[in-house]
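The structure appears below as structure tokens.
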There are 2 protein chains.
Amino acid sequence: MTDTEPSEAGVGLSERVAEALRERIISGRLPGGSKLNERELSAELDVSRIPLREALPLLEAEGFIHSEARRGSFVHTFTLRDAVEVFDLRLRLEPFAAQCAALRVAGGASPEDLLASLEFARTGVPGEQASGRNSDLHEEIVRLADHDLLRRLSSLLNGRVRWLFRLTPERDTHGMWEEHAELVHAIAEGRPALAEALAGAHVERGRHASLPHLSGRLPSEPVPRRARKTRSPA
Amino acid sequence: MTDTEPSEAGVGLSERVAEALRERIISGRLPGGSKLNERELSAELDVSRIPLREALPLLEAEGFIHSEARRGSFVHTFTLRDAVEVFDLRLRLEPFAAQCAALRVAGGASPEDLLASLEFARTGVPGEQASGRNSDLHEEIVRLADHDLLRRLSSLLNGRVRWLFRLTPERDTHGMWEEHAELVHAIAEGRPALAEALAGAHVERGRHASLPHLSGRLPSEPVPRRARKTRSPA
DNA sequence: TTGCGCTATTTGGTATTCAAAAGTTTCCGG
DNA sequence: CCGGAAACTTTTGAATACCAAATAGCGCAA
């Protein structure tokens with residue numbers, strides 16, 4: 001691959017291809033509606049069509065692309081409705097994750113990784129986006145919940161959550177950290193009901209804070225026809 | 001493929017391969033711990049390795065198999081804990097689906113497909129398993145909810161739900177139909193709060209009714225080592 | 001201008017091949 | 001006789017080449 005760090009080794013090539021495409025879509029380098037030409041893309045990523053074709057079904061399951069038989073794959077055009085749907089499901093899953101995590105702590109599990117993640121979210125690497133640390137914290141809660149099926153569903157949501165966070169970088173970082181701290185402490189003290197309620201409140205606050213920003217930036221409807229080519233030359 | 005109906009056309013080959021493997025795993029023809037030899041399997045399903053390798057990541061996302069780099073893919077050994085996890089997440093998703101569906105009906109959507117599905121679940125094709133009609137009904141609710149992200153998460157759960165239903169075929173069919181009828185009518189009358197509550201009660205009743213049966217039939221722990229070969233000859 | 005048919009590209013899929021890593025067997029030394 | 005190292009074998013991960021079918025774009029004619 002031309003532009004990914006050589007450090008990421010060990011995992012399958014198709015997963016790295018999927019991640020590279022995910023990044024291109026989230027960052028907007030592959031705009032909604034783009035056609036993903038297999039040969040073109042595999043040449044650009046410097047892999048054969050095999051790992052590419054293994055990556056596409058993964059991205060389709062996550063809803064980043066949709067494939068039509070014999071016609072190819074197209075980048076999903078994210079709309080305001082997609083954003084609402086992300087909040088809808090976070091509202092159902094994150095309280096459950098918080099509840100599980102708190103129960104695990106009450107049962108003897110150590111919340112030290114979670115507390116470390118919270119501390120890291122506060123101090124943070126200066127240059128780093130707040131959005132990344134944000135998702136990391138939620139992933140840490142899911143990890144602590146130790147619930148395999150929840151982990152799978154969350155990882156399906158994760159890409160979309162990253163997409164949403166990147167669209168709203170100006171959200172009050174300090175207030176956000178305080179919300180997180182409250183939630184993390186409820187978990188670390190092993191209080192499942194409180195953790196569940198705080199997680200729900202956290203999601204709903206995020207929805208309320210984000211949607212006004214988003215409604216101006218997102219198309220309300222995907223462009224009906226005429227898919228744009230992948231590369232518009234410099 | 002040797003043993004699938006030729007009727008299923010149009011959809012990609014890899015999805016048919018995934019479905020064939022799913023069936024083999026759910027039915028127990030591929031027992032937990034089996035190693036999935038790519039060459040062997042692709043020969044048996046009469047496809048090349050490409051569609052097979054496109055299907056494996058899908059099955060892995062659903063948790064039917066797990067793959068270790070350079071070591072291959074192995075069938076997941078389902079445990080009681082897996083069953084509990086399915087109920088945990090149905091409890092979070094199905095009430096939301098019911099709520100959405102009822103809201104859609106209240107907003108003008110027609111519940112006729114859902115009502116037809118309920119009627120079909122009652123009359124049913126005699127030979128057919130109740131489990132299939134059961135999942136169909138839940139899928140119909142999700143369809144009516146018209147929520148893309150929910151649909152994706154539900155389809156990830158669906159395979160496991162089918163697995164669970166097939167393990168508990170003796171559950172009271174009539175009482176189950178009455179529960180379904182109550183839920184469907186709440187949705188059809190556009191009453192989201194009632195539908196949500198009924199869906200939650202339905203899941204919890206199912207959990208209470210199923211777990212005693214399951215605890216005797218499922219291994220509490222996966223077999224640690226020594227994976228059995230795929231085919232034990234007749 | 002509009003409808004029709006032809007070409008050309010692209011996808012879906014197969015077969016074959018190769019390198020590297022894991023697992024297995026063999027063989028030698030203590 | 002047992003343990004460990006070396007050689008061998010199997011299998012995955014990935015690339016390359018190739019083909020058939022379907023779509024899409026294009027030109028042409030009425």
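Every chain is numbered from 1, with letters handed out A, B, ... down the list of sequences. Everything numeric here is computed off the predicted structure, so don't read it as measured data. Values below: all heavy atoms of this structure, side chains included; hydrogens, waters and symmetry mates excluded.
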d([atom1], [X]; [atom2], [N]) in whole Å:
X	N	atom1	atom2	result
B:Leu13	D:dC19	CG	P	20 Å
A:Leu52	C:dG13	CG	C1'	15 Å
B:Glu54	C:dG12	CD	P	8 Å
B:Glu38	C:dT16	CD	P	17 Å
B:Leu56	D:dT12	CG	P	10 Å
B:Leu45	C:dG13	CG	C1'	15 Å
A:Asn37	C:dG12	CG	C1'	14 Å
A:Phe74	C:dT10	CZ	C1'	11 Å

With respect to the phosphate group of D:dT12, does any side-chain polar atom (N or O) of B:Lys35 fall under 4.0 Å of OP1 or OP2?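 For D:dT12, OP1/OP2 do have a side-chain N/O of B:Lys35 under 4.0 Å.
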Of the listed nucleotides D:dA15, C:dT14, D:dG13, the one nearest the side chain of B:Arg53: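 Shortest atom-to-atom distance from the side chain points to D:dG13.
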State which of D:dA14, C:dG13, C:dC18 makes the closest approach to the side chain of B:Arg39.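 Closest of the options to the side chain of B:Arg39: C:dC18.
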With nearest nucleotides of DNA chain C determined for A:Ile50 and A:Ser73 from heavy-atom distances, which residue corresponds to the more 5′ nucleotide?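 Comparing both residues, the 5'-ward one is A:Ser73.
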Spell out yes or no: do the side chain of A:Arg49 and the base of C:dG12 have one donor N/O and one acceptor N/O closer than 3.5 Å?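 Per atom types, the contact qualifies.
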Given the structure, check if the side chain of A:Arg70 and the base of D:dT23 hold any donor-acceptor pair shorter than 3.5 Å.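 Checked by distance alone, the answer is no.
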Regarding [X] and [Y], does a basic nitrogen lie under 4.0 Å from an acidic carboxylate oxygen?
X	Y	value
A:Arg162	A:Glu139	no
A:Glu40	A:Lys35	no
B:Arg152	A:Glu85	no

Do B:Arg16 and B:Val47 make a side-chain contact, defined as non-hydrogen atoms from C-beta onward lying under 4.5 Å apart?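 The answer is no, as the side chains (C-beta and beyond) never meet within the 4.5 Å cut-off.
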Check the angle between the aromatic planes of A:His138 and A:His180 and answer parallel, tilted or perpendicular using the 30° and 60° thresholds.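 Taking A:His180 first and then A:His138, their aromatic rings stand perpendicular (interplane angle over 60°).
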